[in-house]
Protein chains: 6
Amino acid sequence: MHLRERLRAALAEDLGPGDITTNGIVPDTQQGTAHVVAKQGMVVSGMDYGIEALRAAAELLGQPLRVDAHVKDGDHIESGTMLLSMEGSLKAILVGERIALNLMMRACGIATHVHSILEHVGEATFRAVDTRKSTPLWRDLEKAAVRHGGGHNHRFGLFDGVLIKDNHIAAAGGVAKAVEAAKAHVHHLVKIEVEVTNLGELRAALEAGADGLLLDNMNNEQLQEAIAVARQMAPHAFLEGSGNMNAARMAEIAGFGLDVVSVGGFIHQARWADLSLRIDPVHG
Amino acid sequence: MHLRERLRAALAEDLGPGDITTNGIVPDTQQGTAHVVAKQGMVVSGMDYGIEALRAAAELLGQPLRVDAHVKDGDHIESGTMLLSMEGSLKAILVGERIALNLMMRACGIATHVHSILEHVGEATFRAVDTRKSTPLWRDLEKAAVRHGGGHNHRFGLFDGVLIKDNHIAAAGGVAKAVEAAKAHVHHLVKIEVEVTNLGELRAALEAGADGLLLDNMNNEQLQEAIAVARQMAPHAFLEGSGNMNAARMAEIAGFGLDVVSVGGFIHQARWADLSLRIDPVHG
Amino acid sequence: MHLRERLRAALAEDLGPGDITTNGIVPDTQQGTAHVVAKQGMVVSGMDYGIEALRAAAELLGQPLRVDAHVKDGDHIESGTMLLSMEGSLKAILVGERIALNLMMRACGIATHVHSILEHVGEATFRAVDTRKSTPLWRDLEKAAVRHGGGHNHRFGLFDGVLIKDNHIAAAGGVAKAVEAAKAHVHHLVKIEVEVTNLGELRAALEAGADGLLLDNMNNEQLQEAIAVARQMAPHAFLEGSGNMNAARMAEIAGFGLDVVSVGGFIHQARWADLSLRIDPVHG
Amino acid sequence: MHLRERLRAALAEDLGPGDITTNGIVPDTQQGTAHVVAKQGMVVSGMDYGIEALRAAAELLGQPLRVDAHVKDGDHIESGTMLLSMEGSLKAILVGERIALNLMMRACGIATHVHSILEHVGEATFRAVDTRKSTPLWRDLEKAAVRHGGGHNHRFGLFDGVLIKDNHIAAAGGVAKAVEAAKAHVHHLVKIEVEVTNLGELRAALEAGADGLLLDNMNNEQLQEAIAVARQMAPHAFLEGSGNMNAARMAEIAGFGLDVVSVGGFIHQARWADLSLRIDPVHG
Amino acid sequence: MHLRERLRAALAEDLGPGDITTNGIVPDTQQGTAHVVAKQGMVVSGMDYGIEALRAAAELLGQPLRVDAHVKDGDHIESGTMLLSMEGSLKAILVGERIALNLMMRACGIATHVHSILEHVGEATFRAVDTRKSTPLWRDLEKAAVRHGGGHNHRFGLFDGVLIKDNHIAAAGGVAKAVEAAKAHVHHLVKIEVEVTNLGELRAALEAGADGLLLDNMNNEQLQEAIAVARQMAPHAFLEGSGNMNAARMAEIAGFGLDVVSVGGFIHQARWADLSLRIDPVHG
Amino acid sequence: MHLRERLRAALAEDLGPGDITTNGIVPDTQQGTAHVVAKQGMVVSGMDYGIEALRAAAELLGQPLRVDAHVKDGDHIESGTMLLSMEGSLKAILVGERIALNLMMRACGIATHVHSILEHVGEATFRAVDTRKSTPLWRDLEKAAVRHGGGHNHRFGLFDGVLIKDNHIAAAGGVAKAVEAAKAHVHHLVKIEVEVTNLGELRAALEAGADGLLLDNMNNEQLQEAIAVARQMAPHAFLEGSGNMNAARMAEIAGFGLDVVSVGGFIHQARWADLSLRIDPVHG
């Protein structure tokens, strides 16, 4: 579902058959200016979503509205910084305001949260990536916010990367059969990752030809041993750690040699950052 | 956008042209059972959304899947409690799992957060309600979660309640004109609420015939005085307090006599609750 | 469903895979001018719908068309008055013409019909409002036409006002339980109206805390008694009369003191007003 | 736009985010029975639309509802006759009721109106047909109602019949060029009709090879002469009369020998017929 | 489904959540020019589809792109001829390229194939037309391509022409009943065609009042006899031949006197023509 | 766009406002049986698409239809083999028939064409894969048909594999920068392929860290040298050959050691296979 369609649906959710406060009171021709301001320090994200939401509101009403960006995604800003300003139809501002802010507050909240975790972790051998634990219909917004906060992304969805878990292995009748079946099915630009929880599974997966491993829920000792064994068996294979990762744990394992660590909490433990929109109606 | 359409769009977001892991490995006829389990104590919410997501996945694949609920929205459960169980197509489970959990974790997170705030506040004269600060396209999920956590809802959107703010008043040329215009425009089942920040505005709004007031960003002293004046002028008018409400502040003003307090943080400061889905493939 | 989408669907209904008369005969570059003229005296309504239908046709064809309004909704015009004029792609005019006229003729017909009833009624204590008896997918057009004719609107749909009828009361187990349940469910900006048909029900509803009453199918005597009792019990409650209202009956009860009278026939007894579109192809 | 989609959109128009009366009061499991009854004598039409609307409501809510028809489209019934009965979810009945009735009242109104006109006209040489003056998005409903009332249909839209009017002729540079261009463009199962207003145009159109003629806005004398000339020149060509046709005029020209008469008022001068839905909640 | 919607869906099919090559590498502001060139001699078709696909890509990305046509549908061009050129956003070119070419290669392939067959057939008494054997969702593209190659179209679909086959006759209980039922059902601008396979059926169909006949799967002798009998019985009836028509057979029967020959292979035996798009990024 | 939606749109394309032949003649309750039969030897593909098209037709009409498959995708069958049989509503069969056959004939045509090429090629070191040259909106159908014919797939679209071409390299300012930018942007389960046309580019791409190479438009000698150099520099990199591949060329290079060869003609040079549907109406 393309962004424009989601924004239209979001406006419809809020507007229903119409803004009964504004329609009764504000003339169609009323102009206004407004600006979006940070009420806390934050890492910026979601700028395009906010801008497009405001434009979609203006388009819906058939009214003009110019929106200008004053910062860009990934910028670190202080409380009081202006992110957006706009000038045009007051009705369009009033209708688009809430959707724009709701998206931007969510995105800035995630970017700020990710940045704060990564700052705590410091130097590490790995890329810290998100997971598929994201708000349905807004995965693109949230995954972009992870990048703006300094993180990276895992696969977008079920269609652009193979991750073989225990259920797949059980259904296939063993890890070798599962890897072989996956390789036969997918095209040659997709890598095959296998989730393993112990050394036996790790060896089987690499022998089966996995391109990389997900080392799930291992303690530090297990993780270090797994990395050592895997590096020896398959120097080209990538190694990803996962399982309730937070800043403290990530700092502990920063030097173990993992290529990737996946962190569900980048998205699902983030709160919204605080933004407000201030309006000046233009009289006359 | 009806729930079923949103769930289909959410599945499309995750699935794209297909689950390349499962399609290569799991036979269409493979059966399985699975259950969703709480990994922390929580207030339950989002049950129908999770169930419908799983059913939408099954329908998408044209495969059978039976889903049974073991708790209901609003229940308080301990870690380890089973919320849902399901039996049928393993592919449907694997495809629907993530969407179902993402929605339920969000909803349970909000319900649990709201409950925890209200427990801290204790007895109060007011209904604690949410705001329009909600995730676009999931306002119904989030507003229901607020109710399951013990809160109430404010208006759903811009179409089912009039809330006149300073910009509307400025555009109309005064609070009396704004209230009059709104009353002429809306039908007779809708109340008119006016946002005020001081006693002068309060008096003007009540004189203009407002059905209720939003007392915004007042300190305790201002709030008490405003309530006293309003009750005298207009005993039937409802009074709502708002402005960065949290558990501590709400406890302070619990006995002031407000009818409603609105709390944006019910939704935007909630984190996801922890749920997991465990699968048992059925062999043979 | 937003207006633009409905207009596209309406064009698709008429056009199917294409206008086989025009496509075979009229060159893409052919220009034309046209105007919409009243063929009877009428109250104007539906101007935006007509204009947008013509624009949607032009957009569909990727051709330019300028449309100008010469009157506005609510104007009273004589036969022969020009409502719209347009200049641009002849194909766009030929494709958009029928949808534009069909919508405007319906809207002007309703506005004219409502005006004629209200003129007959003269001064009254009540707002005359429409009902939910409206053409599916065009309720906004028809409710706006009621306003342009001098009437008012009742709630838009099932979502923006509570109207408790006998079935709800039976399902709840009594009027007190029904009102209480409704109040617990809805937000604080929505009023609760209860339909009553005799004094017993009237008293029960007001005791239960209804914000207003629908006095259904009462004769004049019953109506006057009901109003008297209700005003004494609950001076703030609004009172609405309903039941096969027409101009004669509305005139009879104009002084009884009702706040609202609802009139299904505003919409379902209206015929289309007569408009025609005249085209001048531009040669060369 | 398929019927099911239109019904879903119509339900969405009425329901918005939910029926706030019913949701607060009626339990999901509440059963009920209801029947739709005629409150006047009428010709039945729109049965499938009413039934499908009720089913769409039940499907939307995920609740069971059985709907049975007791009459069929085209039946002539007396006041008091039951058209539909239903049994199942009370919520589904309450949600679907209004859409079902609104469509059926419109359709029965048209069928009854058409029948009454045709009864007045009596025996005639012509088929009486409708025009493209129909409510956007409901042309199928309205054209079927014309048939149920005893009338016939003209082309459905712009895509399934060629009707060359003066603007087409002007754009083509003459009637011969217009007919030739149309014939080259369309497939061999479509007839070419040309609108003419005098004998000169009539002769030119038949010489150009038109399959039939629309004799527009002629008085009785002109009409008789036109028919005589056309029958001599082209015995196979069909002849259609049009222009503000009503029952009286149609009776006058019933014996002139026309093949077809088109009557916009079949649809745009019809009022809704009166139907009501009565509900019995099932207790226990 | 309007072209713009199909193009958006086609872009979504190719793009999914984004072009991961381009998004990582090409700056949003990068400009480029490109041109589409024929790599073989061909008859041009699908120009508007290619242009609209490129524009839809530009619109999707919110980037400017100017596209200019250098030939028009129906032109016969040599290898090396430039069909389109474009200038603007490099990203829009890269995203729209494949959809534009895929549609144009298909359309040019059909037009070229049709032309080559008709050239072989030479002068004939009949229009050579296509059938309903076309790629679902692209029938308009393919039927237009048939015209550009010099052929004509049969009915577009099931809605704009009556073609009675043996199953319809069996269901109706005889050809006379089938023709009568069809005539009663359809409007007066649609002709009734009946499929016949021998002289008995032919006579019955013409006696029943068919407007034309489909002479299916007859050999040359049968065809000639059928044409002779039909012309005598019903000089106005059109005659269509069908059944595995190819260039050789069409040439054989070119002088038999048929009005129409229908050729499924115009569309389903065509291969794509060879086009390529060459890009010059603009530096700086 | 999910298959069900595309099938509904395809039915709408063919049906428009209704099948005017069938609606006039065939009673709603008429039952029938039918079967789809091969009229040539072929490799089967598209079975699910045909079955779903027929089911979608039945669902659209609200009529029952049972469809049974007698072969499966990938089967090699002789002329006269029955692929599908069905029993139920005759109207559903008549409406679904054409869409089902059009999709199956296309899919079987591709599978048969691919099989015939691969049979000619015989043993080879490479997987033969398709390209993005596919019919818009039916890429899944066509790519599945390639697999059923014995081929493999390349990436599905722009979102699930990185293929860096000369324009990307130019825009990035060199192959090293392009590969680095792509790696930073994409997740760790996606491989980076670079298109090269000579040894200089080949060396630069491998030095930049490409996971694989597309060797484009090289002659046999160039190809062999390129393979040798690449294997020495980067034993793990995959090598793909492309450029106007056909059966003869593929046979020539079968032993050169390529991992993948991509063949646009698998899809765009295929013609439809011949299938027919035969109906037996059930009387009584």
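Below, read A as the first sequence line, B as the second, and so on, with proteins coming before strands; counting in each chain starts at 1. Both backbone and side-chain heavy atoms feed into the values below; hydrogens, waters and symmetry mates do not. This is a predicted model, so every value here is computed, not measured.
Interface remark: B:Val190 contributes side-chain atoms only to the contact with chain A (heavy atom separation under 4.5 Å). For a residue to count as touching a neighbouring chain, one of its non-hydrogen atoms must lie under 4.5 Å from one of that chain's; by this rule A:Leu90 touches chain B with the side chain only. For chain A, the nearby parts of B:Ala178 are the backbone and the side chain; heavy atoms of each come within less than 4.5 Å. Contacts between A:Ala184 and chain B at a heavy-atom distance below 4.5 Å are absent for every atom of the residue. Interface remark: B:Arg6 contributes backbone and side-chain atoms alike to the contact with chain A (heavy atom separation under 4.5 Å). A:Arg139 touches chain B through backbone and side chain together, each having a heavy atom under 4.5 Å away. For a residue to count as touching a neighbouring chain, one of its non-hydrogen atoms must lie under 4.5 Å from one of that chain's; by this rule A:Ala12 does not touch chain B.
Taking 4.5 Å as the limit, some side-chain heavy atom of B:Asn23 sits within range of a side-chain heavy atom of A:His185. A 4.5 Å side-chain heavy-atom check between A:Ile20 and B:Leu158 finds every atom pair outside the cut-off.
The environment of CD in B:Gln269 is crowded: more than 12 heavy-atom neighbours from other residues, nucleotides or ligands sit within 6.0 Å. By the 6.0 Å contact criterion, CG on B:Asn244 is open, its count of non-hydrogen atoms from other residues, nucleotides or ligands being 12 or less. More than 12 heavy atoms of other shown residues, nucleotides or ligands fall within 6.0 angstrom of atom NZ in A:Lys183.
If you tally non-hydrogen atom pairs under 4.5 Å between each of A:Gly173, A:Ala270, A:Ser134, A:Ala53 and chain B, the highest count goes to A:Ser134. By number of non-hydrogen pairs under 4.5 angstrom with chain B, the leading residue of A:Thr135, A:Asp14, A:Asp19, A:Leu7 is A:Asp14. Contacts with chain B were tallied for A:Ile192, A:Leu101, A:Ile267, A:Ile164; A:Ile164 has the most, counting heavy-atom pairs under 4.5 Å. With respect to chain B, the highest number of heavy-atom pairs below 4.5 Å among A:Pro136, A:Ala181, A:Ala10 belongs to A:Pro136. In terms of heavy-atom pairs under 4.5 Å with chain B, the best-connected choice from A:Leu163, A:Leu94, A:Val186, A:Asp140 is A:Leu163. In terms of heavy-atom pairs under 4.5 Å with chain B, the best-connected choice from A:Gly264, A:Gly18, A:Ala172, A:Gly109 is A:Gly18. Among B:Val162, B:Leu11, B:Leu103, the residue with the largest count of heavy-atom pairs under 4.5 Å with chain A is B:Val162. The candidate with the highest count of non-hydrogen atom pairs below 4.5 Å against chain A, out of B:Gly24, B:Ala9, B:Gly16, is B:Gly24.
Between the B:Asn102 side chain and the A:Arg132 main chain, a donor and an acceptor come within less than 3.5 Å of each other. Formation of a donor-acceptor pair under 3.5 Å by the A:Glu13 side chain with backbone atoms of B:Trp138 is found in this model.
Minimum heavy-atom separation, B:Thr21 to A:Gly161: OG1-O, 3.7 Å. Contact between A:Pro17 and B:Phe159 at its shortest, heavy atoms only, is CD-CB, 3.8 Å.
Taking CZ of A:Arg98 as the start and OG1 of B:Thr131 as the end, the distance is 6.5 Å to the nearest 0.5 Å.
The ring-ring contact (aromatic ring centres under 6.0 Å, His included) check on B:His268 picks up A:Trp272, with sequence neighbours excluded.
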B:Met1/A:Met1 under side chain to side chain contact (heavy atoms under 4.5 Å, CB included): CA gap, chis, key distance, verdict: CA-CA 12 Å; B:Met1 207 179 171; A:Met1 205 179 172; 3.1 Å; yes
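Screening residues 158-168 of chain B for side chain to side chain donor-acceptor pair (under 3.5 Å), with sequence neighbours left out, gives A:Thr22-B:His168, B:Asp160-C:His187.
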